[in-house]
Amino acid sequence: MTPETFVQLGVLALIDSTSIGTLVIPVWLLMRRDAGRTTGKVATYLGAVGVFYFAIGLLLLSGAAGLGRVLGGGAASVFELPAVQVLMVAAGAGMLIWSFKDTSLKGGKPVPAQSGPAQAGEDAGVAGAAAAGAGATASATGAGAGAGGGGAGTATGTGATASVQRSQATEHRWQRRIGKALHSRGGLLGLALLAGVLELPTMLPYLAAVGLLTSSGIGWSASAGMLVLYCLVMLLPAAVLVLARGLLGKRLDGPLERLRAWLTKASGEAVLWIVGIVGFLLLRAGLAGLFPDASWNPFGG
């Protein structure tokens with residue numbers, strides 16, 4: 001495995017670390033009024049998320065290895081098929097083009113703001129960060145409203161309002177789930193499983209990482225070991241927050257609130273960046289396989 005592959009895996013793991021399951025939900029848990037008594041439970045939740053991701057990765061690696069044996073080669077032989085490489089180029093180009101779209105004017109009719117009482121036991125300062133995360137599905141459509149310039153001001157404001165309303169509605173649903181999970185035996189394990197299952201369709205960075213491991217040809221056991229390191233890096237930011245919460249207590253309230261606000265602000269462009277990065281990696285790998293010696297191909301040999 002080349003140093004370039006290590007760097008790519010590290011970048012993908014850090015992108016994965018900003019998803020709703022790996023960062024947003026832990027931030028919500030740490031901002032609750034009873035966070036001092038639930039720090040250990042947050043660590044348990046993170047462990048469960050890591051195990052889930054690792055298990056999914058092993059299934060994908062095993063599937064690729066099995067397909068490679070059927071084709072008469074190793075798992076890496078799957079990505080040497082011209083049909084697979086053409087598909088990678090097409091998918092990568094499409095994802096890269098889509099990532100440049102302007103969502104600043106996208107939005108529906110404004111939805112009247114709802115001002116209900118806060119959920120029992122929740123931190124009243126937590127507000128509308130649910131669309132954040134590198135692979136959060138709720139942010140995938142028009143969550144970047146208000147981030148771009150130009151166009152009609154009314155349309156931009158309408159898009160921003162719709163985005164905030166969607167974020168708040170999603171957060172309220174997750175907050176109810178969190179409240180139930182904290183007051184039931186094994187609830188956080190179920191919450192981690194639910195978050196992982198809901199993120200399966202948007203695990204683009206993780207799928208790209210498994211693809212890199214498969215095409216590297218380092219073998220199944222070594223790839224499984226790299227998956228462990230990947231999951232540890234993916235959970236590192238949230239684990240640091242858990243440790244800081246345990247050491248600093250209420251003094252971390254301010255930084256956590258600023259982090260929540262940043263996640264909300266960045267959520268609109270986060271999905272576009274993730275899709276663009278994964279699309280570039282797919283396009284690069286496909287072109288390198290199809291046209292390795294072409295003079296026009298900057299990714300060739």
Side-chain angles (χ1 to χ4, degrees), residues 1-19 22-23 46 49-51 53-65 67-68 71 73-82 84-93 95-96 99 133-135 202-240 266 269-301:
M1 181 179 291
T2 64
E4 182 182 5
T5 303
F6 273 106
V7 173
Q8 291 175 352
L9 288 173
V11 171
L12 291 171
L14 290 176
I15 293 174
D16 251 339
S17 72
T18 62
S19 73
T22 56
L23 185 61
L46 288 176
V49 170
V51 170
Y53 265 78
F54 180 64
I56 295 297
L58 290 183
L59 288 176
L60 293 173
L61 286 177
S62 299
L67 183 57
L71 297 173
S77 64
V78 176
F79 294 93
E80 296 174 359
L81 296 174
V84 174
Q85 292 170 347
V86 169
L87 182 61
M88 291 168 63
V89 170
M95 293 168 66
L96 196 58
S99 70
T202 59
M203 283 184 175
L204 294 179
Y206 197 54
L207 292 175
V210 173
L212 285 174
L213 291 174
T214 302
S215 61
S216 67
I218 62 174
W220 193 91
S221 299
S223 295
M226 289 300 301
L227 273 183
V228 173
L229 293 178
Y230 182 98
C231 291
L232 290 176
V233 173
M234 177 185 71
L235 298 175
L236 182 60
V240 170
E269 297 181 358
V271 170
L272 299 181
W273 274 100
I274 292 172
V275 172
I277 291 172
V278 175
F280 170 78
L281 293 177
L282 284 175
L283 180 63
R284 177 183 181 278
L287 289 176
L290 288 172
F291 310 102
D293 300 319
S295 59
W296 54 265
N297 181 13
F299 309 124

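Keep in mind the model is a prediction, meaning the values are calculated, not measured.
Rounding to the nearest 0.5 Å gives a distance of 11.0 Å between CG of L207 and CG of L212. Put simply, CG on L227 and CG on L61 are 5.0 Å apart, with the number rounded to the nearest 0.5 Å. Rounding to the nearest 0.5 angstrom, the gap separating the CG atom in L23 from the CG atom in D16 is 11.5 Å. A distance of 12.0 Å separates CG of L229 from CE of M234, quoted to the nearest 0.5 Å. Annotation: the span from I277 atom CD1 to L96 atom CG amounts to 10.5 Å, rounded to 0.5 Å.
For A224, the side chain to side chain contact (heavy atoms under 4.5 Å, CB included) partners at least two apart in sequence or on another chain are L58, W220.
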### Query
Under the side chain to side chain contact (heavy atoms under 4.5 Å, CB included) criterion, do L12 and L281 qualify, and how do the steps go?
CA-CA 10 Å; L12 291 171; L281 293 177; 4.0 Å; yes
### Task
Kindly indicate, with the supporting measurements, whether the criterion side chain to side chain contact (heavy atoms under 4.5 Å, CB included) is fulfilled by T214 and V210.
CA-CA 6 Å; T214 302; V210 173; 4.0 Å; yes
### Message
Show, in sequence, the C-alpha distance, side-chain angles and deciding distance for V233 and L9, and conclude whether the side chain to side chain contact (heavy atoms under 4.5 Å, CB included) test is met.
### Response
CA-CA 10 Å; V233 173; L9 288 173; over 6 Å; no
### Task
List the steps and the verdict of side chain to side chain contact (heavy atoms under 4.5 Å, CB included) for Q8 and V11.
CA-CA 5 Å; Q8 291 175 352; V11 171; 5.8 Å; no
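The backbone N or O of V49 lies less than 3.5 Å from no partner atom in the side chain of T22, so there is not a single donor-acceptor pair.
Counting all heavy atoms, side chain and backbone alike, G50 lies closest to C231 at O-SG, 4.0 Å. Minimum interatomic distance between A239 and L46 (heavy atoms only, all atoms of both residues): N-CD1, 3.9 Å. Considering all non-hydrogen atoms of both residues, L290 and P82 come closest at CD2-O, 4.1 Å. Contact record, A91 with L282: CB-CD1, 4.4 Å, taken as the closest heavy-atom pair.
The aromatic rings of Y53 and Y206 lie perpendicular to each other, with more than 60° between the two planes, well past the 30° mark.
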